[in-house]
Amino acid sequence: MPIPRPDRQGDRVIAHVDMDCFYVQVEQRKQPELRGLPTAVVQYNEWKGGALIAVSYEARKFGVKRSMRGDEAKMVCPSIHLVQVPVARGKADLNSYRSAGSEVVSILSARGRCERASIDEVYLDLTDAAETMLSESPPEAIEDIDEEALKSHVLGITGADVDGLNNVRRWLCQSDAVHKDKLLACGTIIVAQLRDEVLRKTEFTCSAGIAHNKMLAKLASGMHKPAQQTIVPSSAVTNLLASLPVKKMKQLGGKLGSSLHDDLGVNTVGDLLQFSEEKLQERYGVNTGTWLWNIARGISGDEVEGRILPKSHGCGKTFPGPRALKTSSCVEHWLNQLCEELNERVQSDLEQNKRVANTLTLHATAHKASDIQLHKKFPSKSCPLRYGRDKIQEDAKKLFDSGLREFLGSHTDGWRVTSLSVIASKILDIPSGSCSILKFFQGKSQSITSGGSLEDILDDDPSCSTERDDEHKVFSYEECSKDGGAPSQDGLINTVCAQKKSIKPKDKGKNSILKFFSSIDAPAKQAQNVPNSSDPQGYDDRRHCTHDGISLRRLDDLWTIRAADIDPSVVDELPLEIQQEVQGWLRSSKRPHNCTRRSSLLNYFSLDKPT
Ligand code: DCP
């Protein structure tokens, strides 16, 4: 249900930027000879020429639509070029589109808070940039306003007039305009500059909507495409909404929109104006009622959330009709493919962004041979995510088996699966050096459980978002993570894999460093059994204090704990003898010295056993 957020900042400048026929542009950049030609990107499946997933504007003029298959598109537009989506592991490989989207995001995010809303859409909060421009170089003081800005569509002021450019120039430069219009004028110029920059640096065109809130900006960005921008001044809101069919609003596409139409006779968003807030609340509840009352007036307080990285990673595949999976080994084969890709994506997120995913979720669509309970859905299942391809594959299969048992109940006489997806979610940053150990491990209590296999299977947590990667539209950054900034390289622990290997399931829920370290495989008392570097088992177990910290190394796993990273309050949680040692170590951390292997601290933190 939508939640109303009063827009207390009516003077915000919000842009929604949407790439034009995005996958087509990515393919045209790879094959420049296709530029300007009718082109479509098709799903790799060959049936009837494959499903179209992106269509160039040249092809749209011939009537080619995304709902068509390749063969149909050829009939409508014989000169169309059909480009196959790249394929890896028997499914669409969207990596090139993802990274092309990231190129764009890195340009757009330079001027204000940026929220990546999907593979090719971004919201920007440009309020500060617009305020700065207004005070330092307002539009009326600019001699040569960028032509891209002059070509903008300003709702309510352009249209019939043949001299559109001059109209826009006048609107941008009116010195007696109200403050919020002046800010919008600055936003118009800034977005035009950003779109120019995107084109120069990536060769991609995009369209944009600029308004005082996200809802209006999103509505506007699709109004004039491709490669154009549309502005919604406050004075134009009533007219815009008066003719806007309710189904065009994202949240009104489903049951709520149908009820508005069927029960209240509402066809356009503007039609809602005739109902009082109380009346709408009475029928739809307090929140939804107020939200409806607000949107009828173009009011929406949703913030642009600063996040440019996805909140989750998902890989999925559908198996329609005769391709449905009917045996456990077929399911295992495809789960392995999906998990292999998921593993690559979480690993690269870890390496590039220093982020760790904590939850693995499996979704499936299944049907029983003799289905009495037709409505019964395959239950989605989650468990803590363990890093490593084999572990993810193993856990995903167990999740599937658990879901299947529940789904089948006593009806074990046959089933088929028509879709599978695996999602890695609850992604957290590895804190930078300024964070305390305590904060780090508090935030990580869930991942600490990752050694704990499937005792921890949970029914899917509805808050577990999915950025699915199905064969069709597939990718939603709407459930993206907070915080786009790349964390510092100076993490407390160098190798999260080392952490994951060394931690036991029973640590679940414990959140103090003391409890954490006390549950590591080898407590101090086992230290005497530590294999050394010449141990026949081959462990290279070396520990030493350096001038600024302590390093523990075993084989390729290096743990580095820097003195500067330790929050003194955390030290208080350690046993007394360890506290004394840490205090001494902190005091002398500027002086290089070597610790002996018998050191109690080192023994306490030891990583003695192979995993
Ligand atoms: N996409 C997909 N399957 C869908 C819809 C879209 O794989 N059912 C992919 C291909 C699109 C990209 O997502 O290029 C972005 O989708 P959009 O809905 O933004 O559409 P386009 O960018 O292709 O076109 P437009 O210019 O209309 O935004």
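All ligand and atom numbering here is 1-based and tracks the order in the structure.
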Exercise. Which atoms of ligand 1 are found less than 4.0 Å from any heavy atom of M19?
Worked result: 22 (O), 26 (O), 28 (O)
Problem set entry | Atoms of ligand 1 close to D120 [distance to a heavy atom under 4.0 angstrom, numbered from 1] | 15 (C), 19 (O), 22 (O)
For this session: Taking all heavy atoms of V346 and all of H313, pick out the closest pair and write down the distance.
Result: CG1-CD2, 4.1 Å
Exercise. Are E344 and R389 within salt-bridge range, i.e. N to O under 4.0 Å?
Worked result: no
Problem set entry | Close N or O approach (D20, ligand 1; < 3.5 Å) | no
Seminar exercise, completed: So salt bridge (Lys or Arg N to Asp or Glu O under 4.0 Å) across residues 184-199, not counting sequence neighbours, yields E148-R195, E197-K201
Exercise. Listed by chain and number, what are the side chain to side chain contact (heavy atoms under 4.5 Å, CB included) partners of R29, not counting sequence neighbours?
Worked result: R35, A100, E103, T202, E203, F204
Problem set entry | Contacting atoms of ligand 1, where contact means under 4.0 angstrom from a heavy atom of D18 | 19 (O), 28 (O)
Exercise. Is there a heavy atom of Q25 sitting under 4.0 angstrom from any atom of ligand 1?
Worked result: no
Problem set entry | F22, any N or O under 3.5 Å of ligand 1 N or O | yes
For this session: Could you tell me if any non-hydrogen atom of R60 lies under 4.0 Å from any atom of ligand 1?
Result: yes
Exercise. Within the structure, does C21 bring an N/O atom to less than 3.5 angstrom of an N/O atom in ligand 1?
Worked result: yes
Problem set entry | Ring-face cation contact, W171 with R169, 6.0 Å cut, 45° max | no
Exercise. So, is the end of the K317 side chain (NZ or CZ) under 6.0 Å from the ring centre of W334 and within 45° of the ring's axis?
Worked result: yes
Exercise. Between the side chain of T39 and the main-chain N/O of L37, is any donor-acceptor distance below 3.5 Å?
Worked result: yes
Exercise. Quick one: does Y57 get a heavy atom under 4.0 Å from ligand 1?
Worked result: yes
